[in-house]
Structure formats: C-alpha cells, structure tokens
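What follows is one structure encoded as structure tokens, with my remarks underneath.
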There are 2 protein chains.
Amino acid sequence: MGEVTIQQVATAAGVSPSTVSNLLNGRSHRMLPETRQRIETAIDKLGYRPNRAARQLRTGRNQTIGLVVPSVGNPFWGALARHLESAALAEGYHVLLCNSERDPRRERDYIDELWADGVHGVVLCSSLPSLEHVMPLVERGLQLVAFDRTAQAGDPASLVSISVDNAVGSELATRHLTELGHERLAFVSGALASVNRKERHRGFVAALERAGIDPATAMLAPSGSGADAFGDVEASELGRAAAAELLARDEPPTAIVAINDMCALGICRGIREGGLEVAKDVSVVGFDDIVLAELYAPTLTTVRQPMRDMAASAFSLLRARLEDSGPSQGQSLLFRPELIVRESTAPPLS
Amino acid sequence: MGEVTIQQVATAAGVSPSTVSNLLNGRSHRMLPETRQRIETAIDKLGYRPNRAARQLRTGRNQTIGLVVPSVGNPFWGALARHLESAALAEGYHVLLCNSERDPRRERDYIDELWADGVHGVVLCSSLPSLEHVMPLVERGLQLVAFDRTAQAGDPASLVSISVDNAVGSELATRHLTELGHERLAFVSGALASVNRKERHRGFVAALERAGIDPATAMLAPSGSGADAFGDVEASELGRAAAAELLARDEPPTAIVAINDMCALGICRGIREGGLEVAKDVSVVGFDDIVLAELYAPTLTTVRQPMRDMAASAFSLLRARLEDSGPSQGQSLLFRPELIVRESTAPPLS
DNA sequence: TTGAAAGCGCTAACAA
DNA sequence: TTGTTAGCGCTTTCAA
C-alpha cells in the first residue's frame, strides 16, 4: 500500500525534502549537479511519483482541466474530447469529462463543481448566448475557453473564444448550392437561440442575397415549437422531422442547408423516407465534417472544422493562462472552415 | 479568492471542526438535532464546499473514477462515456477520460497515472486478452471493471467483467443471414487478437454449422497483415478495404458479418464503391447498434448492446467496491444482445 | 455529545 | 547550495 513520499526520496538521496521539491519544480539550477544526480537516481530507484492531492492542497492548483460538452455521445464532441485529451496528455494534464446535455442549469452546476474541486481551467462548449452564469467564478480566477462559440459583447474580459468562422462556412455551403443552380433553398436548425446557429443562418442569408435570391423566399424548418423539441444527440431526429415537413410543402426546396452533420444525416434519412433521393431530388449540405460524413451513402458535402487544430489551440491557450498566472487578456480565434464537396449535392433536376 | 473552510463553518456554528466533519461524513446521529441544525445553517449561509484535495490527502480516497477507452471519437465509446458519466454524476463522482488509442503501453501508463493520482476505480476497455500488466496495481487495491470484454482464465480474482454475450450476438446475426438463404458468408474483422473478436467469430462459426454450412467455406477479411493495419477509429477503413478485397474474389460473398457497426458502415461504403448495392447484392450485419446504424442508408441490421444499462452497471459495481472496502470477489455480467433487423439485409439475389 | 490534537505529502519562505 | 519550518483543509482517534 505505502506509496513513496518525497521524504523517502530525500532520505535515500541524503538531502532534505525541500531540495527534492526544488528539483521537482524546475529549480534544479540552484543545486550542485551531483546533488541533482543523486536525487534523480533515488526517484528512479524508488519509483517515486508526487502525490497530486498534497501538491494541490498546498498550491491550490492542479493539473486537471474540465471539458463541458453537450454530450460526448455526439461524434462531433467525441472528436473534440479525443483531441483535447490527447493534447492534455502530452503536457501531463488530465481531462475531467462533463456532459451538460444542453441543460444550462447542469452546465452551471458542473462549473461550480469543477471549481470547488480545484479545477481552474475549463473548456466550455456552451450554446448559451450569455455566459453570465459563470461570471462570479471567472472573477475569482477561473480560466475559460469557449469552444464552438464566437466572442460576444457581454463576455468576460478574460474569455478565450475558439470557433470556426460560422458565417463564412455557411456562406460557402450555400453559395455552393446556388452555383449549382438551386433557387428554392431551406435552412434546417433547432431554435436559433445559440450564437453559432445565428451566425450560420446569417451566412446562409448572405449567400442568398449575393446570388440574387430573396431570402424571404427561403424556407426555415422545423417551424414553430418543433425547433425546441430536440436536444443535441437528437439533432438527427430534428433533421428527419424537418425533411418530412419541408417535402410536404407545395413547393418543396431543392436544396437544404443543415445546421450540422448529424442534422444533415437525419435530413437525408427523411428524404429517403419520403420516397425521394438525396442529391438527385434534393441536395443536402452539412456542417462539421464528422467522420461519418465520408462514410454515409451518399457521402455528405459539408463544411469542415479543423477539429484537431482547434482542440490543440484550446488546450495550449488554457494551459498558458493557467501557468502564467498573470492577468490574461481575452482573445478570440476564428478558424477558417473549408467546403468539402462530396456526393450529397448536385444541380437541381429540371 | 478565499474559499470557505470547515473551520469557518465551525466558528459560525459555534462548534468544533470535528463536529462539522462528523456531520459531513454521515455521523449526524451522534449530535444533538439542534447542533446539527446550526451547522447546516452555517454551511448554507457560507456556501461551504469541502475541499476535495484535503479530504483525499487525508483519506487516500477520492470521488473520481477513470475511464480508459480506445477512443471517444468512436461513437460506441462516446456513448459509453456519456452514460457512465451520467451515472457517476448522480452519485457525486467524476470521470477522468483516457484515450488509449489501443496502445497497450499507453493503456498501462494511464492506469499507473490514475493510481498515482489517487483514483482507485477504473473502467477499462481493453482489447488485450491478458490483464497482467495491471496486476500489480490490482493487488494494491485498484478496483477494475473490464468493459466489453468477458472474463478470462488468467484475470485478477477481483475483476468485474461487463460485456454483451458476443458469441450469442454474433450467432443471432449470422443465423439471420442463413435463414434469409445466404450460403456464401464472410466475416470481417481486424486481427482476432482481442477477446470479443474471437467470441464473435466463434458465434459466426457456430451459426454456420447449425445451418449446415461448412465453416471452411466462409471467408475472412481482410486477409493477412491487412487485419493489423487499422486502429479503432479506422474500423470503417478496415471495412472498406475488406469489402474491396472480398468483392474481387471469384465467388464473392452474398452476406457479410462485420465485427462492429463502424466496420459495417465501411463495408457498405466499399460495396457501393464496387458498383454494387447493399442488401440487394450483398447483405451486411453490424454489431453494437450505434446511433448511426438507424440513420444510415440503408439502415443497418445489427446486434444491439444495451449500452445504457451496461454503463450504469459498470458504475454501480465499481462504486460498491470502492465504498465497501471489504474484500471483493470478482464477477462477470453478461448482457443479452438483441438482433435489430433493418434494411441492410435481404435474401440473396437468385 | 463534543473538542483537542496530530498529521496526510507537499511547497515555499526564510535561515543557515 | 541546502535545510528548517510552518502550514494547505480535512479526518479521526482519543479524551473530556
């Protein structure tokens, strides 16, 4: 049972615990090379590993960051979790996983909980337009990286925002459709309550205007309360329902822009259920470029988010703030999205 | 900055820290109801939350479990992570996320690391047939739940194993195909190195025998070293390559049993790329029933693992062992898989 | 029924 | 260059 302590290492090396501690904390320059050598040998021989709880109790810091996502069951967040954890591992950090299920209350509780546990850095994937609920903790020193959410006016001054340029991405997607000749377009999304949904919608509208199409003629689905009825994992269900609704109209769209890939896959499903064929009858564009996009039948045209880079940036910015301890200015990183054209889009029929 | 300490609560309530501690640790029966009342009031008023690091330093325990999966980027593991975290949250536990990327060395390092951090319970999703590498820690008291891996002869005596009955699942899948009239079947998997791959293959063979088909005529793909070339996230790539290989044969299979859903989706992709149609030309069955199985085109016939229940069991068994502290006998839980028939399977052409 | 006291393993002044 | 010392916040005997 007995774990090796710093005291035992010190004894074995014939020095005091503080010298060992100095070595451990990167102050090796203030000791004789031979002392250093002896300590290192002792550490190796005994298989010593510092007790993190003790260290945290003493310093108030730890080597853990929190990740709050709507649900890791969703492949998009799963990919973020994977890459973030990878980046963290490389620097000796751990990742505490939290699924908010898009429940604002749960989101706040998690952050409180993390803070109480001594976690000072959190990557927060919140769809909430306001981050007011976490302000008290940010003022106390919590370092926050908002992921997949661009900076907003009321945000904490120290906030780091990391996101793809949603408007540009959506515009790329939509322009691709108008260039193929589509004129009756639809935009499918849950309630336009979150920041990035609004931005993507904005890009959609901008592309229509640029193509000389009156945005007022564009369709929005699901209409009414349907938009609120679905959580994150159920994005595909939302797409499916929206497709059914759109295809039942007098003049159904010939092309659909989906808020994300899971939603797009649901739309494709709905199109097939309506007896039509994706691409041939109705074009579909997604957003995210999850792994499945390339696997689907037909393969999905979509807007890629450079997830690996984004996750790596999220971690390194967080770490820098955690370790520098200086006053940290907020900043925002906007990654450039890329249109990936695959099989789910084609010119309109007639 | 200053967090509220137990000392402050004690002062506010006019008692000593030990009494507060007693209340906190479920020993409220040994104090006057009014004392208890006063303490609770003080806790509420001050917004006190016990410092976990201090508690852990003192007791050597914490409220965190580790989850080691090949990759949360894979929707199957993503789903496990989600449900496990949910179950943990309900009991005040946290989940530390670790992606092994199917690297045995990384797997072992993670477990060591977790142990050094005071994590005494881990849900391990290892494909390794032997758990020898973690034995030293298990002997020191690490509680281990092996997930998606049935109990093996050499396993630690205290191990809990949770898995679906792979052989039965695979047999259900295969029998479904033989009953449809298929006679030229193939089994697609990475190297049959892991426990559950072997079991699934066993079920496949058993079903063939029962149907009066000589297992020797069944095909295995990818052949040779191809089986080793892919990790976990790339299961779909493996399927895609295997499909290409199988379809190039003189007598290609009319039905394929895939080792899991991601692999099955890759196979479907490969079939389409070969100019054939899933179901009509070649039937495909998966395993797992990930969310995408129902979304795919065609929807995928597959074997469902009751993930939510399995994850909940994993957590509650782990917790029981963590908190009972008594000597814990090993046990294994085998969940019953369920065949979900969808569109990707049909009778053979002629 | 309550409190005093010791100490978990570590770090960081401060002294030597 | 190295060691001494004093806690970080909590739990848990043991004594009152």
5'-most contact on DNA chain C (nearest-nucleotide basis), A:L57 vs B:H29, goes to B:H29
Going 5' to 3' on DNA chain D, which nucleotide is the first and which the last to come under 4.0 Å of a heavy atom in chain A? D:dT1 to D:dG9
Contact between A:L333 and A:V160 at the side-chain level, heavy atoms closer than 4.5 Å - yes or no? no
Chi angles and distances behind the side-chain contact (heavy atoms from CB on, under 4.5 Å) call for A:L159, A:V138: CA-CA 9 Å; A:L159 186 75; A:V138 171; over 6 Å; no
Please list, in 5' to 3' order, the outermost nucleotides of DNA chain C lying under 4.0 Å from any heavy atom of chain A. C:dG9 to C:dA12
Set of residues satisfying salt bridge (Lys or Arg N to Asp or Glu O under 4.0 Å) with respect to B:D109, sequence neighbours excluded: B:R105
Within residues 16-27 of chain B, those residues having any heavy atom closer than 4.0 Å to DNA chain C are B:S16, B:S18, B:T19
Who pairs with A:R49 by side-chain hydrogen bond (donor to acceptor under 3.5 Å, both in side chains), at least two apart in sequence or on another chain? B:E113
List in chain and number order the residues that pass ring pair (Phe, Tyr, Trp, His ring centres under 6.0 Å) with B:Y93, two or more places apart in sequence or in another chain; answer none if no residue qualifies. B:F315
Quick one: salt bridge (Lys or Arg N to Asp or Glu O under 4.0 Å) partners of A:D155, sequence neighbours excluded? A:R149
Quick check on A:R308: does its CZ atom have over 12 non-hydrogen neighbours (other residues, nucleotides or ligands) under 6.0 Å away? no
Could you tell me which residues satisfy salt bridge (Lys or Arg N to Asp or Glu O under 4.0 Å) with B:E132, sequence neighbours excluded, listed by chain and number? none
Those residues of residues 37-52 of chain A lying under 4.0 Å from DNA chain C by at least one heavy atom: A:Y48, A:P50, A:N51
Excluding sequence neighbours, so at least two apart, what forms side-chain hydrogen bond (donor to acceptor under 3.5 Å, both in side chains) with B:N22? B:R27
Would you mind classifying the nucleic acid contact of A:L32 as base, sugar-phosphate or nothing, using non-hydrogen atoms under 4.0 angstrom? sugar-phosphate
Residues A:R61, A:E323: salt bridge by 4.0 Å N-O rule: no
Base, sugar-phosphate or nothing for A:R30? Non-hydrogen atoms, less than 4.0 Å. base
Short side-chain to backbone donor-acceptor contact, A:N196 and A:D148, under 3.5 Å: yes
Between the first and last five pairs of the helix from C:dT1-D:dA16 to C:dA16-D:dT1, the angle of the axes, rounded to 10 degrees: 40°
Is there a side-chain contact between A:L67 and A:L80 (heavy atoms, below 4.5 Å)? yes
I want to confirm an ordering. Mapping B:V15 and B:A54 to their closest nucleotides on DNA chain C, which one lands closer to the 5' end? B:V15
Cationic N near anionic O, under 4.0 Å, A:R38 to A:E34: no
Contacts of type side-chain hydrogen bond (donor to acceptor under 3.5 Å, both in side chains), residue B:S163, not counting sequence neighbours: B:N166
With distance as the sole test, does A:T59 use its side chain to make a donor-acceptor pair with the main-chain N or O of A:R55 at under 3.5 Å? yes
